[in-house]
Each structure stands twice: as structure tokens, then as C-alpha cells.
K.L.:
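Structure provided below as C-alpha cells; questions to follow.
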Amino acid sequence: FWLWPSAILFLFLPVIFELFFAPLNLFYLIFISASSAILFSILIFFAIAKIKERENKFIINEKLSRLLIENRKDYGIFMLDPAGKVVSWNKGAQRLIGYNEDEIIGKDFSYFYTPEDQQRDIPNSFLEQAKNKKQIEFEAWHVGKNNKRFWATVTMTAIFNENSQLIGFTKLVRNSTRQKEADEKLKNLIICLERSNEELERFAYIASHDLQEPLRMVSSYVQLLAKKYQNKLDHEADELIHFVVDGVDRMQQLITDLLIYSRVTTQGKPLTLISSKEIVENAIRNLYLAIQEKSVEITYDLLPMIMGDAVQLLQVFQNLIGNAIKFNNSNMPKIHIGAKQDGNKYIFCIEDNGIGIAPENHEKIFLIFQRLHSKKEYAGTGVGLAICKKIVDRHGGRLWVESELGKGAKFCFTLAA
């Protein structure tokens, strides 16, 4: 920007002196003209040097860009003319699609698409979309050399000159076959899971209707039998009747627990803002008789408002507090319910001074039907903690236990803050 004004100034310097100052002798005129010429030549020299420097930088940058494109092996990068003919081909494209540069330059890019897509004119529709939207991203099957197919993730960009005329397209292609296969496996897994849930729902229906009713009838008749013939038969008969009644009761409880477990996800209510303090207080009220029977001391922290399903979270707190009462042989049973915020989640813990759990059983207890004690020692079906875990999972949290045998247990779970 400074070259031409300076040059004009130096060229006309003698004329300026002649016009505005007294006429100079020939020596001074020659001196001034020569000085102007020398200074002008110096300016031209520096200008040329600067232009050369910029040209060299441009050439270096262009070579680097070309090397980067040509040697990028994980992406196929090539250019098309406005009609969709291939005009450049990098090593990544050669590795990905299989053709050498001399085999593919000048071919229409639809050559890489399946016959089905070619018949539907899909390739040309991509060109039109890229032309109208400037850049598009899409996924499609591509066909390489020897009819080898792969799932491609493509970015196509339209290139325009300064007059807004289309001069071609760049196409960036990546092999996404593994990702598609993983997505397909995930999709099939989800379908299988949905089918399994449907079967579980059907089982839940059968359990709640077709199985419960016969069990009620058996239970009623056995109880009538026990009432009518109690102490009228021998001791062995009384004992057998007791076993039948107890077995039917446990079967009914087991079916009820399975029904609850199967409906955790399918019949859960939407998550709303609720008071965890109210839920804990309701759970304590529901366990009033068990608390009074063992004289359990229960304390709890300041409990927060949370997002959750109130009915299901009541089940969690009631089950964990109930277990803390049941598995406690201390003379002074104590339970503490704590809550603290950790980033974007709350951590709730129910801690007791009960019998504790050996570390090797920490994972086992959350599996359905897994019991560490016989029914004579502690009643239950082995489904309660599995229900708690499934409810916490549904809320996007995690349930775990920290415990040692004989040193109490601390059950913790997370919920979103």
C-alpha cells in the first residue's frame, strides 16, 4: 500500500523543486533525479522481495495442505467438478475405496454408490443438496473395488468462486462400518430387552391373576383344615399342615414381590420435585411397630428436595430402614439417615450398627433371590434389595453397600440434585 505513492513522490521530486524553488543548476537537477531513481529502485527491490516472500509462504502452505490431504489415511478426501466427476484423489481415498488415482480420475462419483442408490438417483440428489445448502453430512452404503461395501459417513461441501459460481465439491469420507455394526447390535439388544420386558409384563399379569387366585383358594382350604383338625390329629399331621400354610404364605409373598419388581420401570410415575424428608418420615411411620418392638433409635440429617417417584422412593427407604431393623441384634439398635450433595447429585446413606455383611457378599445381595441367611433366621424372599436397585437405576442413580461382618452396614444410593 506504500509502494506506489512513494514511487510517484520520488519520480516527481525534481519537478516539485523546479516549480516551488528557484531554478537549480544542472548539477543539482542531476543529483536530485539520480537520488530519486536510486530510492525508487530500492523501493522496487524491497517490494519484489516482499512479494517473493509471500509467494514462498503460499507455496509452502499449499504444499503442506496437499501433503496433509494426500497422506491422511483415515479419511478419503477428494474433489469433484460441478458435474460430479472426480478431479483429485488422496491416499486415504485409495486405501478406503481401493482404486488408484489413475483408475478413478474422471469417473462420476456415483460409481461409489450401490446399484440400488444409483437407480434411485441418490448421488445426484446429494449434489443438489450440497449446492443448495453449501455443506451436507449424511451416511450411506459405499461400494469400493471388488464390490466391497462399507458404511460411510460423508461430508460434502460445495465450492464457489468470488462470482458465486459453482466450481466443484469436496467430499470427505470415513468408514463407519464398525460403528454401524455396534449400533445394529445395540438396536437388536434394545429390541430383545423390550421383548423381554413384554414377556415380564405378561408374567406379571399371570402372577397377579392366574397364580394368585389358586393360591388364595389353597391357602383358605388349608387354613380351614388347620382350624378344624388342630390338635385332633397327631403331632406329625399338625406339623405338615403348618408347613403347607407357611409355604402358601411365602409363595404369595414371593409372587407379590416379583410383581413389584417387574413393574418398576413399566408402571413408575413421572419424576417430580418431592421432599425426601416427607418420604423418610412416611417410611418410619410404616415401620412403627418394628421400631417399637426393638426400641430402635432413628436419626436423620436435614433432607433435601429431590426429583423422583415418591411411591418408588418410599419403597427404597422403607426397605433399607426395614433391613437395618431386621438385621440388628444390638441391645441399642441405632439407624442414621444421612444426605449430602456431591456436585450434581445427592448421596443418601442408611447406616446401622447391626450384624454387617462380609465384603465378598456386597454385590451378591443385590441379585434377585439371593439370600445370605435361611428363612428360619430372617424372613424374606430375597427380592427387596433387587427392587431397591432397580428403582435407583430407573432414577439414574447407583446403589451400593459399605460394610464388614459384625460392624454394621451402610447402604448408600445417589439421586440427581
Side-chain angles (χ1 to χ4, degrees), residues 197 200-201 203-205 207-208 212 249-291 296 298 300-301 303-328 335-339 345-352 354 357 362-372 378-401 409-416:
N197 284 338
L200 192 60
E201 276 290 297
F203 167 77
Y205 178 82
S208 61
Q212 289 277 33
D249 289 342
R250 286 191 295 110
M251 180 64 76
Q252 285 180 320
Q253 186 59 50
L254 182 63
I255 290 172
T256 300
D257 288 346
L258 280 174
L259 192 58
I260 294 170
Y261 182 82
S262 69
R263 289 176 171 175
V264 167
T265 11
T266 56
Q267 294 193 4
K269 296 180 180 178
L271 307 189
T272 56
L273 189 64
I274 54 177
S275 168
S276 60
K277 180 176 180 289
E278 289 184 10
I279 293 172
V280 167
E281 289 175 345
N282 287 337
I284 292 172
R285 274 194 293 270
N286 292 343
L287 296 166
Y288 176 78
L289 291 177
I291 294 169
V296 183
I298 299 181
Y300 51 85
D301 293 339
L303 300 174
M305 299 294 291
I306 53 173
M307 292 296 294
D309 180 334
V311 174
Q312 290 189 342
L313 291 180
L314 176 61
Q315 285 180 282
V316 172
F317 279 107
Q318 188 167 316
N319 193 293
L320 295 179
I321 296 170
N323 282 350
I325 296 170
K326 180 166 65 173
F327 298 102
N328 197 321
I335 299 171
H336 180 73
I337 302 157
K345 64 180 181 294
Y346 285 113
I347 301 176
F348 292 87
C349 291
I350 291 86
E351 188 171 6
D352 64 61
I357 303 165
H362 284 186
E363 295 296 329
K364 180 181 178 181
I365 58 174
F366 295 108
L367 300 176
I368 195 167
F369 301 133
Q370 294 297 316
R371 292 172 51 87
L372 304 182
Y378 296 98
T381 59
V383 183
L385 286 176
I387 293 172
C388 290
K389 185 178 184 304
K390 196 169 184 181
I391 290 173
V392 172
D393 288 345
R394 188 214 162 201
H395 283 72
R398 184 172 71 92
L399 173 63
W400 72 95
V401 65
K410 185 179 180 181
F411 282 84
C412 299
F413 62 93
T414 59
L415 294 174

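The basis for the numbers below is simple: all heavy atoms, side chains too, and nothing from hydrogens, waters or symmetry mates. What you are looking at is a predicted structure, and each value in this text was computed from that prediction instead of being measured.
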K.L.:
So do the side chains of Ile350 and Lys410 get within less than 4.5 Å of each other, counting heavy atoms only?
P.N.:
no
K.L.:
So which atom in Cys412 and which in Ile347 form the shortest heavy-atom distance, rounded to 0.1 Å?
P.N.:
CB-CG2, 4.4 Å
K.L.:
Do Val311 and Lys269 touch side chain to side chain, with heavy atoms closer than 4.5 Å?
P.N.:
yes
K.L.:
Is the closest basic N to carboxylate O distance between Arg394 and Asp309 below 4.0 Å?
P.N.:
yes
K.L.:
Heavy atoms, side chains only, cut-off 4.5 Å: are Met305 and Ile274 in contact?
P.N.:
no
K.L.:
Heavy-atom distance under 4.5 Å between the side chains of Leu415 and Met307, does that happen here?
P.N.:
no
K.L.:
Does Lys390 NZ have over 12 foreign heavy atoms under 6.0 Å away?
P.N.:
yes
K.L.:
Only one of Leu313, Leu273, Thr272 clears side-chain contact (heavy atoms from CB on, under 4.5 Å) with Ile306; which?
P.N.:
Leu313
K.L.:
Compare all side-chain heavy atoms of Ile325 with those of Asn323 and state whether any distance is below 4.5 angstrom.
P.N.:
no
K.L.:
Determine the sole option in His336, Lys277, Glu281 for which the side chain to side chain donor-acceptor pair (under 3.5 Å) test with Tyr300 is passed.
P.N.:
Glu281
K.L.:
Please round to the nearest 0.5 Å and tell me the distance separating atom CG of Asn282 and atom CD of Glu278.
P.N.:
7.0 Å
K.L.:
Are the side chain of Asp352 and the backbone of Gly354 linked by a donor-acceptor contact shorter than 3.5 Å?
P.N.:
yes
K.L.:
Side chains of Leu385 and Leu320: closer than 4.5 Å at any heavy-atom pair?
P.N.:
yes
K.L.:
State, with a plain yes or no, whether a side-chain heavy atom of Phe348 is found less than 4.5 Å away from one of Ser276.
P.N.:
yes
K.L.:
Evaluate side-chain contact (heavy atoms from CB on, under 4.5 Å) for Leu399 paired with Cys388, printing each intermediate quantity in order.
P.N.:
CA-CA 8 Å; Leu399 173 63; Cys388 290; 3.9 Å; yes
K.L.:
Given His362 and Ile357, is the side-chain contact (heavy atoms from CB on, under 4.5 Å) satisfied, shown in steps?
P.N.:
CA-CA 7 Å; His362 284 186; Ile357 303 165; 3.9 Å; yes
K.L.:
Considering all heavy atoms of both residues, which atom of Gln315 and which atom of Ile391 are nearest to each other, and what is their separation?
P.N.:
OE1-CD1, 3.7 Å
K.L.:
Sort out for me which residue in Val296, Ile279, Ile291 forms a side-chain contact (heavy atoms from CB on, under 4.5 Å) with Ile284.
P.N.:
Ile291
K.L.:
Between Leu287 and Gly322, which heavy-atom pair has the shortest distance, and what is it?
P.N.:
CD1-N, 3.7 Å
K.L.:
Quick check: do Ile387 and Asn319 have side-chain heavy atoms less than 4.5 Å from each other?
P.N.:
no
K.L.:
What's the separation between atom CD in Gln318 and atom CZ in Arg285, rounded to the nearest 0.5 Å?
P.N.:
11.0 Å
K.L.:
Please confirm whether Phe317 and Phe413 have ring centers closer than 6.0 angstrom.
P.N.:
yes
K.L.:
Between Gly338 and Asp301, which heavy-atom pair has the shortest distance, and what is it?
P.N.:
CA-OD2, 3.1 Å
